[in-house]
2 protein chains.
Amino acid sequence: MQIDLDILFTWGAIAKVYKKNETIFFEEEMANFYYQIIEGSVRMFNSNDEGKEFTQGYFSNGQSFGEPPLFIDEVYPSTAIVCQESKIIKLSKDKFLKIIDEYPQIQRKFLKTLAIRINSKAKTAKDIINQKPEFRIISFLNSIKKNSDPLQKELVPFTRQEIANFTGLRVETVIRVFSKMNECKKVDIIKHKIYY
Amino acid sequence: MQIDLDILFTWGAIAKVYKKNETIFFEEEMANFYYQIIEGSVRMFNSNDEGKEFTQGYFSNGQSFGEPPLFIDEVYPSTAIVCQESKIIKLSKDKFLKIIDEYPQIQRKFLKTLAIRINSKAKTAKDIINQKPEFRIISFLNSIKKNSDPLQKELVPFTRQEIANFTGLRVETVIRVFSKMNECKKVDIIKHKIYY
DNA sequence: CGGTTCCTTGAGGATGATCAACGAGGGTGG
DNA sequence: CCACCCTCGTTGATCATCCTCAAGGAACCG
């Protein structure tokens with residue numbers, strides 16, 4: 001989902017540049033701003049006591065993130081950091097909610113956005129419960145694959161650690177599963193790069 | 001979220017009685033109706049090849065369910081069945097979307113509802129990844145507990161199997177965890193009933 | 001009181017996590 | 001061009017844990 005930049009700036013939004021690995025907001029922090037990425041990418045994740053991380057989602061150019069808590073006066077369920085230097089628009093919660101009220105089409109688009117996210121979270125939950133590391137990894141690969149043709153393999157633009165964080169597995173497990181999948185021709189691995 | 005019954009009936013909704021364990025819609029089925037429970041309760045879940053189930057959510061009196069796919073022309077990510085004889089309102093997708101357009105306050109409420117669900121799904125995902133059966137179970141117990149006072153224990157109205165389905169664990173594991181939690185006084189078990 | 005559903009326990013096994021160590025690649029500065 | 005560093009990938013051994021399977025007990029309901 002993205003709101004037109006003209007509208008955002010008219011309502012007093014500011015653009016801020018975040019350095020690589022800078023945190024935008026923390027888990028449990030009250031939600032006070034609407035964020036929309038002009039350029040760059042953002043990762044939302046949770047980490048547990050032992051430092052193990054779980055990635056809730058990646059967001060990039062043009063996308064907004066962290067909006068749900070704004071609608072319900074809640075805290076953020078996850079932490080958000082930028083993966084690379086990023087330019088991000090920031091608008092106060094009040095103004096954001098006013099925009100929503102003012103422009104019904106925008107509200108409608110948010111409804112769609114949230115519906116999409118619920119669907120994808122439902123899918124993720126289902127696949128994670130399903131145990132079986134290979135199953136989890138395949139469903140992650142499917143979720144990021146652009147074309148759906150199994151014959152036309154594309155580069156998987158994630159490190160094994162990142163995939164581990166997405167699937168809730170450990171790096172070593174991810175590596176071993178990929179080795180097996182390579183043997184079974186389910187993926188190609190060329191120079192350590194994964195193609196699916 | 002619930003829409004006023006007068007409005008629903010005015011727009012041609014009908015109420016239908018479902019028998020216990022009857023299926024309302026299946027996973028992967030196209031979403032064509034809006035459903036709202038007048039009386040009864042509904043469970044949405046996925047099951048994998050080996051018959052292991054994962055419960056995505058329970059819904060009861062007054063609540064609507066299965067709306068997200070309506071907004072985005074999608075199929076249902078899970079199956080919905082009634083847990084007990086239930087009276088449920090059914091309205092066609094077209095009419096539902098018209099109501100949404102017609103009444104901005106209703107649209108706004110749906111935005112809130114979806115935001116709440118995203119938050120709770122994010123939490124669930126986080127807790128499930130966190131491994132540790134006891135941790136998963138406690139977070140499930142917290143999510144259903146009415147009062148938040150740990151001293152004032154209340155009956156947990158779910159069977160061990162149901163809790164297993166919610167947490168993605170096996171019955172035996174759930175039972176063993178509860179036995180331990182009983183010893184540590186984290187829960188009370190009286191006549192096999194669990195109090196938390 | 002018979003049947004059904006739910007709960008319980010034990011033994012055994014599979015599997016993913018953990019720990020530790022090393023290899024490969026890419027980029028940077030001398 | 002080489003040396004160094006840093007991140008990422010890889011491998012093997014060991015361990016803890018949850019699942020599986022099997023069998024039996026308890027509660028509840030008509």
Side-chain angles (χ1 to χ4, degrees), chain A residues 20-21 43 47-55 81 83-85 127-141 155-183 187-196, chain B residues 20-21 43 47-55 81 83-85 127-141 155-183 187-196:
Chain A
K20 186 174 175 181
N21 291 327
R43 178 168 152 257
S47 49
N48 70 4
D49 10 317
E50 290 115 30
K52 187 173 173 185
E53 295 187 356
F54 173 62
T55 301
I81 68 166
C83 309
Q84 49 186 275
E85 180 162 307
D127 292 336
I128 284 176
I129 286 297
N130 219 24
Q131 307 297 59
K132 307 294 175 209
E134 181 173 326
F135 195 92
R136 292 199 209 177
I137 289 177
I138 289 177
S139 92
F140 165 73
L141 292 175
L155 176 68
V156 176
F158 292 93
T159 67
R160 279 135 234 248
Q161 181 62 60
E162 287 169 335
I163 296 174
N165 291 342
F166 257 111
T167 51
L169 300 167
R170 301 255 91 154
V171 209
E172 298 94 328
T173 305
V174 171
I175 287 169
R176 289 188 246 257
V177 170
F178 272 124
S179 302
K180 249 187 266 162
M181 290 175 69
N182 187 26
E183 285 168 20
V187 298
D188 294 339
I189 298 182
I190 300 165
K191 289 257 253 173
H192 302 154
K193 297 199 184 318
I194 301 163
Y195 295 84
Y196 177 74
Chain B
K20 186 175 175 180
N21 291 328
R43 177 169 154 259
S47 49
N48 70 5
D49 10 316
E50 290 114 31
K52 187 173 174 185
E53 295 187 355
F54 173 63
T55 300
I81 68 166
C83 309
Q84 48 185 278
E85 179 161 308
D127 292 336
I128 284 176
I129 285 297
N130 219 25
Q131 308 296 60
K132 307 294 174 208
E134 181 173 324
F135 194 92
R136 292 198 208 178
I137 289 177
I138 290 177
S139 91
F140 166 74
L141 292 175
L155 176 68
V156 176
F158 292 93
T159 68
R160 279 134 234 249
Q161 181 62 60
E162 287 170 334
I163 296 175
N165 290 343
F166 256 112
T167 51
L169 300 167
R170 300 256 92 151
V171 210
E172 297 94 329
T173 305
V174 170
I175 287 168
R176 289 187 246 257
V177 169
F178 272 123
S179 302
K180 248 187 267 163
M181 290 175 68
N182 188 26
E183 286 167 19
V187 297
D188 295 339
I189 298 182
I190 301 165
K191 290 258 254 173
H192 300 155
K193 297 200 185 314
I194 301 164
Y195 296 83
Y196 177 74

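Just so you know, these numbers come straight off a predicted model, no measurement behind them. Naming convention: chains lettered A, B, ... in sequence-line order (proteins, then strands); numbering from 1 in each chain. Note: hydrogens, waters and symmetry copies are ignored here, and every other heavy atom, side chains too, is used.
- DNA chain D is contacted by both S179(A) and K180(B); S179(A) maps to the nucleotide lying nearer its 5′ end (nearest heavy atom per residue).
- Heavy-atom distances to DNA chain C give each of T159(B) and K52(A) a nearest nucleotide, and the one nearer the 5′ end belongs to T159(B).
- Summarising the geometry, the separation between CD on E183(B) and C1' on dT9(C) is reported as 14 Å, rounded to the nearest angstrom.
- Shown for residues 161-171 of chain B: residues whose heavy atoms fall under 4.0 angstrom of DNA chain C, namely Q161(B).
- Rounded to whole angstrom, the span from the CZ atom of F158(B) across to the C1' atom of dC6(C) amounts to 16 Å.
- In this structure, K193(B) atom NZ and dC6(C) atom P are separated by 11 Å, rounded to whole Å.
- Of all the heavy atoms in F178(B) and L141(B), the pair that sits closest is CE2-CD1, 4.1 Å.
- The shortest heavy-atom contact between V174(A) and I163(A) is CG1-CG2, 4.2 Å.
- Residues S139(A) and D127(A) share a closest heavy-atom pair of OG-OD2, 2.8 Å.
- T173(A) has no side-chain polar atom (N or O) that falls below the 4.0 Å cut-off from OP1 or OP2 of dG16(C).
- Taking atom CD1 on I129(A) and atom C1' on dG16(C), their separation rounds to 16 Å, with Å as the unit.
- For the salt bridge (charged side-chain N to carboxylate O under 4.0 Å, His left out) test, residues two or more places apart in sequence or in another chain that qualify with E53(B) are R43(B).
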Hey, what are the protein-to-nucleotides 10-15 of chain C N/O distances that come in under 3.5 Å?
from, atom 1, to, atom 2, distance (Å)
dG10(C), N7, R176(B), NH1, 3.0
dG10(C), O6, R176(B), NH2, 3.3

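- Here dA17(C) presents its P atom at 17 Å from CZ of R160(A), a figure rounded to the nearest Å.
- If you take CD1 of I137(A) and C1' of dG16(C), they are 12 Å apart, rounded to a whole angstrom.
- Remark: Q161(B) pairs with N165(B) by the side-chain hydrogen bond (donor to acceptor under 3.5 Å, both in side chains) rule, at least two apart or across chains.
- In this view, F54(A) satisfies the ring pair (Phe, Tyr, Trp, His ring centres under 6.0 Å) rule with no residue, not counting sequence neighbours.
- At a threshold of 4.5 Å between non-hydrogen side-chain atoms, the residues E162(B) and T55(B) do not count as touching.
- Here CG of L169(B) is found 7.0 Å from NZ of K52(B). Values are rounded to the nearest 0.5 Å.
- When the P atom of dC6(C) is taken as reference, atom CD1 of I189(B) falls 17 Å away, rounded to whole Å.
- You'll find the side chain of T173(A) stays beyond 4.5 Å of the side chain of R136(A), heavy atoms only.
- Here chain A contacts DNA chain D (any atom closer than 4.0 Å to a heavy atom, that is under 4.0 Å), and the contacts span dG9(D) to dA13(D) from 5' to 3'.
- Counting heavy atoms from C-beta on, the side chains of Y196(A) and I138(A) come closer than 4.5 Å.
- Screening E134(A), E172(A), R160(A) for a side chain to side chain contact (heavy atoms under 4.5 Å, CB included) involving V177(A) leaves a single residue, E134(A).
- If you take CG of N48(A) and C1' of dA17(C), they are 13 Å apart, rounded to a whole angstrom.
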